[in-house]
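In what follows, a structure is listed as structure tokens, so that the remarks can point back to it.
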Amino acid sequence: MKTVEWLCIYFPLTLIAVHTLIRIIRYFYPFPMPHFMAALIDHPVRRRLIQPPDETAVRHGIQPGMTVLEVGPGSGTYTAAAARRVGVGGQLVAIDIEPRMIERVQFKAEREGLTNIHAEVGDVYQLNYPENHFDLCFMITVISEIPEPVRAMQEIKRVLKPGGIISFSELFLDPDYPLARTVTRWADEAGFKYKQKFGNWFCYTLIFEK
Ligand SMILES: C[S@@+](CC[C@H](N)C(=O)[O-])C[C@H]1O[C@@H](n2cnc3c(N)ncnc32)[C@H](O)[C@@H]1O
């Protein structure tokens, strides 16, 4: 009885309390996710049941042959699937502000023999690429971690080709979770056109066009 009580009442309540506390702290002190937390979010439950990488790559509008930018890959949970989807005729560039995250992405790319991944340390506010370079940019549970999301989107818009796509996936379990209408407002302010939404309130993907 005690175990059932713990599982049904105390465990969910503890999770909600910790989640709320982290949200409050991060609201006042925004900072990039520390690299040691990468394993926590690169979780099999997330990969299998909530945001499967192959399905997520398709949802984000990634097509074979595209030149794609992933901002904030973390430990690369979604990078390999996106690279497999663009195929040998395409390229996947992953940039992250945290060098240890990039090391993890490079390690995974080598382990899986994916030669079309280029991972480098970089800041979304200042992308080291020319104008009109990428077909698509995607960010998964990243945009609300960035203190100036509209500025970040404007910089991404610069490197996207005309008609290029920017896509975001968000998950309620993330302490930085933003409402879909908030991300839509940021994208609108950055000059993107709304295209499509998939998913539900708990876990959604939004697609916008340059
Ligand atoms: C919550 S993690 C998400 C990782 C991965 N996309 C996922 O869903 O598993 C957010 C990532 O964004 C990166 N990040 C935060 N601010 C950034 C910035 N200004 N430029 C580039 N990457 C940034 C962090 O270092 C971290 O790896």
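In each ligand, atom 1 is the first atom listed, and ligand 1 is the first ligand listed. Along the sequence shown, the residues carry numbers beginning at 1.
Close contacts between ligand 1 and Pro73 involve ligand atoms 4 (C), 5 (C), 6 (N) [criterion: under 4.0 Å to a heavy atom]. Remark: ligand 1 atoms within the under-4.0 Å shell around heavy atoms of Glu98 are 25 (O). Residue Gly74 approaches ligand 1 through these ligand atoms, each under 4.0 Å from one of its heavy atoms: 4 (C), 27 (O). Within the listing of ligand 1, atoms 6 (N), 10 (C), 12 (O) sit less than 4.0 angstrom from a heavy atom of Val142. Per-residue contacts place Arg46 under 4.0 angstrom from the following atoms of ligand 1 (heavy atoms of the residue considered): 7 (C), 8 (O), 9 (O). Residue contact check: Gly122 has heavy atoms under 4.0 Å from atoms 20 (N), 21 (C) of ligand 1. Distances below 4.0 Å separate heavy atoms of Met101 from the following atoms of ligand 1: 27 (O). Every atom of ligand 1 with a heavy atom of Asp123 under 4.0 Å away is listed here by number and element: 18 (C), 19 (N), 20 (N).
Distance from atom 4 (C) of ligand 1 to its nearest protein heavy atom, with residue and atom name: Gly72 O, 3.4 Å. Of the protein's non-hydrogen atoms, Asp96 OD1, 2.6 Å is the one closest to atom 25 (O) of ligand 1. Glu145 OE1, 3.2 Å is the protein heavy atom nearest to atom 10 (C) of ligand 1. Protein heavy atom nearest atom 17 (C) of ligand 1, with residue, atom name and distance: Ile97 CG2, 3.7 Å.
At under 3.5 Å, a nitrogen or oxygen of Ile140, whether backbone or side chain, sits near a nitrogen or oxygen of ligand 1. Residue Tyr125 has no N or O atom closer than 3.5 Å to an N or O atom of ligand 1. Of the N or O atoms in Thr141, one or more lie within a sub-3.5 Å distance of an N or O in ligand 1. For ligand 1, one of its N or O atoms has an N or O atom of Val124 under 3.5 Å away.
Here the side chains of Leu127 and His133 are not in contact, with every heavy-atom distance at 4.5 Å or above. In this structure, Thr56 and Phe138 have side chains that are not in contact, with every pair of non-hydrogen atoms separated by 4.5 Å or more.
Checked by atom type and distance alone, the side chain of Asn116 pairs as donor or acceptor with a backbone atom of Gly87 at under 3.5 Å. Side-chain N or O atoms of Arg104 include none that pairs as donor or acceptor with a backbone N or O of Pro73 at under 3.5 Å.
Between the CE atom in Met139 and the CD1 atom in Ile156 there is a gap of 4.5 Å [rounded to 0.5 Å].
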### Residues Thr141, Glu170; criterion side-chain contact (heavy atoms from CB on, under 4.5 Å); working and verdict
CA-CA 5 Å; Thr141 63; Glu170 297 298 334; 4.2 Å; yes
#### Entry: Stepwise side-chain contact (heavy atoms from CB on, under 4.5 Å) test for Phe198 and Glu55
CA-CA 12 Å; Phe198 300 102; Glu55 223 173 84; over 6 Å; no
### Query
Could you walk me through whether Phe168 and Ser144 pass the side-chain contact (heavy atoms from CB on, under 4.5 Å) check?
CA-CA 10 Å; Phe168 306 91; Ser144 53; over 6 Å; no
### Query
Stepwise, does the side-chain contact (heavy atoms from CB on, under 4.5 Å) test hold for Ser167 with Lys195?
CA-CA 10 Å; Ser167 42; Lys195 250 193 118 189; over 6 Å; no
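Ionic pairing of Glu155 and Arg158 is present here: one or more N-O contacts between side-chain nitrogen and carboxylate oxygen are shorter than 4.0 angstrom.
The aromatic rings of Phe202 and Phe172 sit tilted, their planes meeting at an angle between 30° and 60°.
At a 4.0 Å heavy-atom cut-off, ligand 1 touches Thr77 through the side chain alone.
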